[in-house]
Protein chains: 2
Amino acid sequence: MKEYRSTKEDSLEEFVKKCKECGLKITPQRISIYKEVLNSENHPSAEIIYRRIKRIHPGISFDTVNRTLLTLSEMGLLEIVEGSGDVRRFDPNNKNHHHFRCKKCGKIVDFYNESYDKLEVPDYLKKKFIINKVRVLLEGICDNCINKTQD
Amino acid sequence: MKEYRSTKEDSLEEFVKKCKECGLKITPQRISIYKEVLNSENHPSAEIIYRRIKRIHPGISFDTVNRTLLTLSEMGLLEIVEGSGDVRRFDPNNKNHHHFRCKKCGKIVDFYNESYDKLEVPDYLKKKFIINKVRVLLEGICDNCINKTQD
DNA sequence: TCCTAAATAAGAATTATTACTATTTAGGTT
DNA sequence: AACCTAAATAGTAATAATTCTTATTTAGGA
């Protein structure tokens, strides 16, 4: 079986398809933003993406970037990271994964764990709510911050 | 075994003790804020707490409320809810629990699940990071929003 | 090619959060 | 009980983040 969204080409195809499904127009800005965020390793904020996109579209407005990112997340093409009241950050990782979050520096680290992936949702919750996502969130102090504290 | 922080009286005692441990002064404002947030059912923002506290301390500033809430969370007496780039919200629930979050309205619902409580953290993460908290985060649409959509 | 609703740019407005500073106060000391 | 001092607070001001407004442009269907 072909892996879901395995290459950038597949990715773009899928994007175009998804836009049409949703009745959204395919604009150069959207394509650039989509590609940029999908290639981001660490969970970028709208501001970060904005600065990168400006190199391609110098006249683009922050609002367009931000709005597009929100649109993409509504389309299910990326997710909003569960933060803690800091700036909103986006998660382009479409593989099933989980998060570690550093309390000190706010860094979010993706990790993979099969047993976490298999977690069952309690029946009474399934009945009451529509559940789209199950994610384990670890919180603590990252390696960098541990070392810093020792100084 | 006596349950940890089971009553309001215990709670206040513990608060005073904890403040002293941390070298923090016990002020009427702090006590009020602490009590207020601990009695909050649904995860309040600083703004919400501020409005409630004003009924007791009409002259209190927002900054004091916000700063105090952040202090309390640093002391480990409450937690910051993992949101999605919206306003910072606080979680006074000190029992081991997990969260469901509604994508539409942003509501956070606490729930309890023993098997989730027992989740093991992978060794390689334990070695690299200090892990303080393991929480399962479910995401989807809540009952209210499901009904609204049907209109 | 034309048309129209959707999308964008630009900047204003709003909202959330943090910083600054003069004043007050908790709590230790005498 | 009065005094002292560092910490905490009130009252803004400043900053940062996010959303809104409006005139203009454009994607994509007719």
Side-chain angles (χ1 to χ4, degrees), chain A residues 12 15-34 36-37 43-51 53-75 77 80-90 104-106, chain B residues 12 15-34 36-37 43-51 53-75 77 80-90 104-106:
Chain A
L12 197 53
F15 177 62
V16 171
K17 189 171 147 240
K18 192 99 189 185
C19 281
K20 288 187 176 166
E21 274 172 27
C22 300
L24 298 175
K25 290 178 179 174
I26 296 153
T27 67
Q29 292 93 332
R30 273 190 182 148
I31 290 173
S32 292
I33 293 167
Y34 176 72
E36 185 58 49
V37 74
H43 314 83
S45 64
E47 183 64 34
I48 296 281
I49 297 296
Y50 171 58
R51 279 193 227 133
I53 293 293
K54 267 183 116 166
R55 298 200 290 243
I56 308 163
H57 300 275
I60 203 166
S61 70
F62 174 81
D63 187 48
T64 296
V65 174
N66 189 50
R67 198 169 12 78
T68 301
L69 289 168
L70 292 173
T71 303
L72 293 176
S73 73
E74 275 175 24
M75 292 163 76
L77 294 172
I80 297 173
V81 172
E82 66 289 345
S84 289
D86 42 1
V87 303
R88 184 188 288 127
R89 288 160 66 187
F90 297 90
K104 292 275 182 203
C105 67
Chain B
L12 196 53
F15 176 61
V16 170
K17 187 171 148 241
K18 194 100 188 186
C19 280
K20 287 185 175 167
E21 273 172 28
C22 299
L24 298 176
K25 291 178 179 175
I26 295 152
T27 67
Q29 292 92 333
R30 273 189 183 150
I31 291 173
S32 291
I33 292 167
Y34 176 71
E36 185 58 50
V37 74
H43 313 83
S45 64
E47 183 65 34
I48 296 283
I49 297 295
Y50 172 58
R51 279 194 226 131
I53 293 294
K54 267 183 118 168
R55 298 199 290 243
I56 307 164
H57 299 276
I60 203 166
S61 70
F62 174 81
D63 186 47
T64 295
V65 174
N66 189 50
R67 196 167 14 76
T68 300
L69 289 168
L70 291 172
T71 303
L72 293 176
S73 75
E74 275 176 23
M75 294 163 74
L77 295 174
I80 297 172
V81 172
E82 68 287 348
S84 289
D86 42 2
V87 301
R88 185 188 288 128
R89 287 158 68 186
F90 297 89
K104 291 276 181 201
C105 66

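Look at CD on B:Gln29: it is 9 Å from C1' on C:dT25, rounded to the nearest Å. A straight line from CZ of B:Arg88 to C1' of D:dT18 spans 15 Å, rounded to a whole angstrom. Rounded to whole Å, atom C1' of C:dT17 lies 17 Å from atom CD1 of B:Ile49. The distance from atom CZ of A:Arg30 to atom P of C:dA9 is 11 Å, rounded to the nearest whole Å. Between the CG atom of B:Leu24 and the P atom of C:dG28 there is a distance of 13 Å, rounded to whole Å. Nucleotide C:dT8 holds its P atom 12 Å from the CD1 atom of A:Ile26, rounded to whole Å. Going from atom OH of A:Tyr50 over to atom C1' of C:dA10 covers 10 Å, rounded to whole Å. Protein atom CZ of B:Phe90 is 13 Å distant from nucleotide atom P of C:dA16, rounded to whole Å.
Heavy atoms of A:Leu70 sit under 4.0 angstrom from primed sugar atoms or phosphate atoms, though from no base atom.
Nearest-nucleotide assignment on DNA chain C puts the 5′-proximal partner with B:Ser45, out of B:Ser45 and B:Thr27. Judged by closest nucleotide on DNA chain C, B:Glu47 is the one of B:Glu47 and B:Lys20 placed further toward the 5' end.
In this structure, A:Ile56 and A:Ser32 approach most closely via the heavy-atom pair CG2-OG, 4.2 Å.
Neither side chain, B:Thr68 nor B:Thr71, offers a donor N or O lying under 3.5 Å from an acceptor on the other.
Contact check of residues 58-68 of chain B against DNA chain D (heavy atom, cut-off under 4.0 Å) returns B:Gly59, B:Ile60, B:Ser61, B:Asp63, B:Thr64, B:Arg67.
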